[in-house]
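Residue numbers count from 1 along this sequence. Predicted model only: the values in this text are computed from it and were never measured. Note that ligands are numbered from 1 as they come in the structure, with each ligand's atoms numbered from 1 the same way.
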Amino acid sequence: MEKGRVLLSVTGFHPQRWHELLSAERDVVTEPAGKDDPSIAYAVVWKHKPNLLSSLPNLRAIFSIGAGVDHIFNDPGLPNVPIVKVVADNLTQYMTEYVVWRVLDHHRQGSLYRYQQQKKTWHEPQQRPASDISVGIMGLGTLGRAAASVLLSLGFCVNGWSRSVRPMEGVTTYAGDSGLIPFLNATDILVVLLPLTPTTQGIVNYGLLKELRRRNGLGGAVLINAGRGRLQKDDDIARALDEGILKEASLDVFEVEPLPKTSPLWSHPKVYVTPHAAATSDPNHLVPIMLAQMSAFERGEPLRNTVDRAAGY
Ligand code: NDP
Ligand code: OXD
């Protein structure tokens, strides 16, 4: 198969480094030469313009710049070619760090110490072992499993919930609709690492949060969402915090991003906000993986980490 040209199409950030690195091996353009440009073989995208890819006659595959592919499915004119998502040690490591950081901060009462320091209060609160706390990971995929294994090594009890049955040593696993309530009822700290699909949209709502276990050593349930903002209902989280259903939350993602300045979540004393920064897509690590996939594909090898279009992730 001939060496194909790459269309690089992103919104929301400047793709200069992606362009430089892709150009080391490929001819790269940022706009097709017309709607039916026959020279484009691959699209590397993050939130590309709708219908941009719909009539490229020789498009072979679409590469997502992120692990999430909801931004691709937003395109009503998505052509029927394979979609490749990011699976990379470097991104997985970043996400594991974020999850472990936020779990430990809630477990070790970080917000209390920050408050005490502000007040110059010298007081040692009671400590409890990690083994008293169960962390429930919603979405036991690439990122969820990696975080689960580090949390296990720190001594936490770990539960996992996925669409299909996904056994993992040391983790109590639950699957599908019937497994959701038992999973929540056994979870103190809920970590959301689901993809955004028509099935998961809005799943982290008031009703779901009410099912979390609250009588635990933390003094309440905790939510950590690093999946996607539209998995959650921002208002329901604020309500659950105000009613004591949630003790605290760490939110990396929001229904609307950037989080509007008017959102009460910015200044909520029980919320820790990060700007969709849990795991960044680093072109230095990801472009070589994409280039290797393109070359392998042209040698006749199958693409890896392709998306299941029916499932949406
Ligand atoms: P994977 O596809 O590897 O895993 C997804 C997991 O979610 C799987 O376990 C899957 O179940 C489960 N799942 C999907 N749909 C459902 C459902 N309806 N009910 C129950 N479980 C479901 O994805 P990754 O781990 O690579 O990434 C997860 C998400 O993290 C991404 O889609 C993205 O949105 C987000 N992300 C956020 C970043 C950030 O910076 N905030 C950075 C990177 C990713 P099964 O195992 O049965 O297929
Ligand atoms: C991703 C992201 O999906 O950064 O990789 O959100």
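- Here the protein heavy atom with the shortest distance to atom 2 (C) of ligand 2 is H276 NE2, 3.6 Å.
- Residue K85 places a heavy atom less than 4.0 Å from ligand 1.
- No side-chain N or O of S55 forms a donor-acceptor pair with one of D36 less than 3.5 Å apart.
- With salt bridges taken as basic N to acidic carboxylate O contacts below 4.0 Å, none links K210 and E243.
- Set against the non-hydrogen atoms of A279, the atoms of ligand 2 under 4.0 Å away are 4 (O).
- Close approach of ligand 2 to R228 (heavy-atom distance below 4.0 Å) involves ligand atoms 1 (C), 2 (C), 3 (O), 6 (O).
- Nearest residue to atom 9 (O) of ligand 1 from I137, L140, V307 is L140 (criterion: closest heavy atom).
- Of all protein heavy atoms, the one lying nearest to atom 38 (C) of ligand 1 is M95 CE, 3.4 Å.
- Between G68 and ligand 2, at least one pair of N/O atoms sits closer than 3.5 Å.
- Atom CG of residue L53 and atom CD1 of residue I40 lie 9.5 Å apart, to the nearest 0.5 angstrom.
- The closest protein non-hydrogen atom to atom 28 (C) of ligand 1 is L193 O, 3.3 Å.
- Between L196 and ligand 1, no N or O atom pair is found at a separation short of 3.5 Å.
- The parts of L194 lying near ligand 1 are both backbone and side chain, judged by heavy-atom distances below 4.0 Å.
- Nearest protein heavy-atom contact of atom 15 (N) of ligand 1 is Y313 CE2, 3.7 Å.
- The shortest N/O to N/O separation between T199 and ligand 1 does not fall below 3.5 Å.
- The ring of W101 has its center closer than 6.0 angstrom to the ring center of Y272.
- The protein heavy atom nearest to atom 5 (O) of ligand 2 is A67 N, 2.7 Å.
- With hydrogens left out, the protein atom closest to atom 4 (O) of ligand 1 is G141 CA, 3.2 Å, a heavy atom.
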* To do: Please lay out, stage by stage, how E257 and K47 fare under the test salt bridge (charged side-chain N to carboxylate O under 4.0 Å, His left out).
  => CA-CA 13 Å; E257 295 180 5; K47 299 182 183 170; 5.4 Å; no
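- Of all protein heavy atoms, the one closest to atom 40 (O) of ligand 1 is A279 N, 3.0 Å.
- At a threshold of 4.0 Å, the pair R102-D105 counts as salt-bridged, since one of the basic side-chain nitrogens sits closer than that to a carboxylate oxygen.
- Looking at D188 and K247, no side-chain N of the basic residue comes within less than 4.0 Å of a carboxylate O on the acidic one, giving no salt bridge.
- Considering backbone and side-chain N/O atoms, R228 comes within less than 3.5 Å of an N/O atom of ligand 1.
- The nearest heavy-atom contact from the protein to atom 24 (P) of ligand 1 is L143 CG, 3.7 Å.
- Cluster membership check: L52 shares its hydrophobic cluster with V69, using side-chain heavy-atom separations under 4.5 Å among Ile, Leu, Val, Met, Phe, Trp and Tyr.
- With respect to the salt-bridge test (charged N to carboxylate O, under 4.0 angstrom), the residues E25 and K3 do not qualify.
- Residue D252 touches ligand 1 through its side chain alone, judged by heavy-atom distances below 4.0 Å.
- Nearest protein heavy-atom contact of atom 35 (C) of ligand 1 is G227 O, 3.4 Å.
- Closest to atom 37 (C) of ligand 1 among all protein heavy atoms lies A226 O, 3.0 Å.
- Salt bridge annotation for E248-R114: absent, with no cationic side-chain nitrogen under 4.0 angstrom from a carboxylate oxygen.
- For the pair I289 and V87, the minimum side-chain heavy-atom distance is 4.5 Å or more.
- Shown in contact with A278 at under 4.0 Å from a heavy atom are these atoms of ligand 1, numbered in order with element: 39 (C), 40 (O), 41 (N).
- Annotation for ligand 1: atoms under 4.0 Å from non-hydrogen atoms of H276 are 39 (C), 40 (O), 41 (N).
- Between atom 5 (C) of ligand 1 and the options G176, P195, A147, the minimum heavy-atom separation is to P195.
- Ligand 1 lies within reach of T200, whose nearest heavy atom is under 4.0 Å from it.
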* Step by step, would you call L193 with V99 a side chain to side chain contact (heavy atoms under 4.5 Å, CB included)? -> CA-CA 10 Å; L193 284 175; V99 171; 4.2 Å; yes
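- Under 3.5 Å, the side chains of S64 and H71 contain a donor-acceptor pair of N or O atoms.
- The hydrophobic cluster containing L7 also contains V45, counting ILVMFWY residues as joined when their side-chain heavy atoms lie under 4.5 angstrom apart, directly or transitively.
- Between atom CG of residue D177 and atom CH2 of residue W161 there is a gap of 6.5 Å, rounded to the nearest 0.5 Å.
- Each of the atoms 6 (C), 7 (O), 9 (O), 12 (C) of ligand 1 lies under 4.0 Å from some heavy atom of G139.
- Contacts of R166 with ligand 1, taken as heavy-atom pairs under 4.0 Å, involve the side chain alone.
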